[in-house]
Amino acid sequence: MIVTTGGRYNEHSLQKAKDIAIRYKLDFVMRKKRSVKELRERYNDDVLVVGRDGISITPLTGNDSVKYHPNFSMVRAKRLLKNEHDALVEAAELTAGMSFLDCTMGLGADSVIASLTVGNSGRVTALEDSLILYLLTKEGLSSYDTNIGVISDAMKNVEVLHEDHETYLKTLADNSFDIVYFDPMFEEKISNSESLRAISAVTQSKTLSETAINEAKRVAAKKVVLKDHFRSRRFEQFGFIQQIRKTSKVHYGVINTETEVDS
Ligand SMILES: C[S@@+](CC[C@H](N)C(=O)[O-])C[C@H]1O[C@@H](n2cnc3c(N)ncnc32)[C@H](O)[C@@H]1O
């Protein structure tokens, strides 16, 4: 992956692009009035553009570029602030002070909702295996200004790690997060979201493994939660109780891991 600036840049965005290249050990390339497509062809690599108004990626394969934007999470976050319900929060029975491990961060929408719900007394860690997506979302979450303080804070409070979830889960102690969450790419031939369709070339497409689910059950003090297409066989395959939502193609499944205490 190479890093460059937007077509028009200022000292600040130039420095930011150079900083990102240094931090992630990537090659920085001066834009020199070339189009992103030209740069992609010249360097035969994914291109990360640090513009004056945000960060975008143009993968080597495919024709789309994706800019970090909190998109759907903003709508959901505003609803939460009005005390309206959110399907993830309900499925996970997420409340202030809890800890939440997002094993499939993507563009971070679910992590932001979890972070807003658990608040400053809770913690959210998000894992992403694709370097280009990790970078886009990590930088986006840390610098995007939503103009709504609590939402911007929730974005900044997410701890973002470039990790494969199966490997990372194995390093964690038993019961070290209240909730362990998976939102894998759908197996059905439909896309999870418009933005993810655009960057499907760079999303990690490993199938969700039984080892990962078993590790998640050990790590989750309260629940393992799976979001998937309503027809997914993974709910049954891994023993999730599928919560039926008649109005949505996306369902949540839950495995309770809390040990019952006899009274
Ligand atoms: C459907 S997307 C998640 C969308 C996310 N919930 C959101 O709100 O934006 C699935 C993501 O999981 C990532 N992924 C797949 N397998 C992974 C693994 N083993 N470890 C970490 N991330 C993984 C993919 O690269 C992709 O970005």
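This structure is a prediction, so every number in the text was calculated from the model and none was measured. Both counts, for ligands and for their atoms, begin at 1 and track the order of listing.
Separation of the Y181 and F100 ring centroids falls under the 6.0 Å cut-off.
Note: no N/O pair closer than 3.5 Å links T203 and ligand 1 by distance alone. Between Y181 and ligand 1, not a single N/O pair is under 3.5 Å apart. Inclusion of A109 in the set of residues having an N or O under 3.5 Å from an N or O of ligand 1 is warranted.
Using a 4.0 angstrom heavy-atom cutoff, K227 does not count as in contact with ligand 1. For the pair E128 and ligand 1, a heavy-atom separation below 4.0 Å is found.
Counting atoms of ligand 1 from 1 in the listed order, those under 4.0 Å from a heavy atom of D164 are 18 (C), 19 (N), 20 (N). Residue L107 approaches ligand 1 through these ligand atoms, each under 4.0 Å from one of its heavy atoms: 9 (O). Below 4.0 Å from some heavy atom of H165 lie the following atoms of ligand 1, by number and element: 17 (C), 18 (C), 19 (N), 20 (N), 21 (C). Distances below 4.0 Å separate heavy atoms of M185 from the following atoms of ligand 1: 1 (C), 2 (S), 10 (C). Close approach to L133 involves these atoms of ligand 1, each under 4.0 Å from a residue heavy atom: 27 (O). Listed by number with element, the atoms of ligand 1 under 4.0 Å from a non-hydrogen atom of C103 are 20 (N), 21 (C), 22 (N).
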| task | Please step through side chain to side chain contact (heavy atoms under 4.5 Å, CB included) for the pair L133 and L107, ending with a clear verdict. | result | CA-CA 7 Å; L133 262 183; L107 294 167; 3.9 Å; yes

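The option from E163, K206, R76 that lies nearest to atom 21 (C) of ligand 1, judged by heavy atoms, is E163.
When only modelled atom types and interatomic distance are considered, S152 and T146 share a side-chain donor-acceptor pair under 3.5 Å. Neither side chain, T211 nor N214, offers a donor N or O lying under 3.5 Å from an acceptor on the other. Using modelled atom types, one finds a donor on one side chain and an acceptor on the other under 3.5 Å when comparing Y24 with E139.
Under the 30°/60° scheme for interplanar angles, the aromatic rings of H251 and F235 are found to be tilted.
Interatomic distance, CZ of R233 versus CG of D228, reported as 10.0 Å (0.5 Å rounding).
In this structure, R123 satisfies the cation-pi test against F177, with its NZ or CZ atom closer than 6.0 Å to the six-membered ring centre and inside 45 degrees of the ring normal.
Annotation: side chain of I213 is not in contact with side chain of R234 (no heavy-atom distance under 4.5 Å).
With a heavy-atom cut-off of 4.0 Å, M105 touches ligand 1 through its backbone alone.
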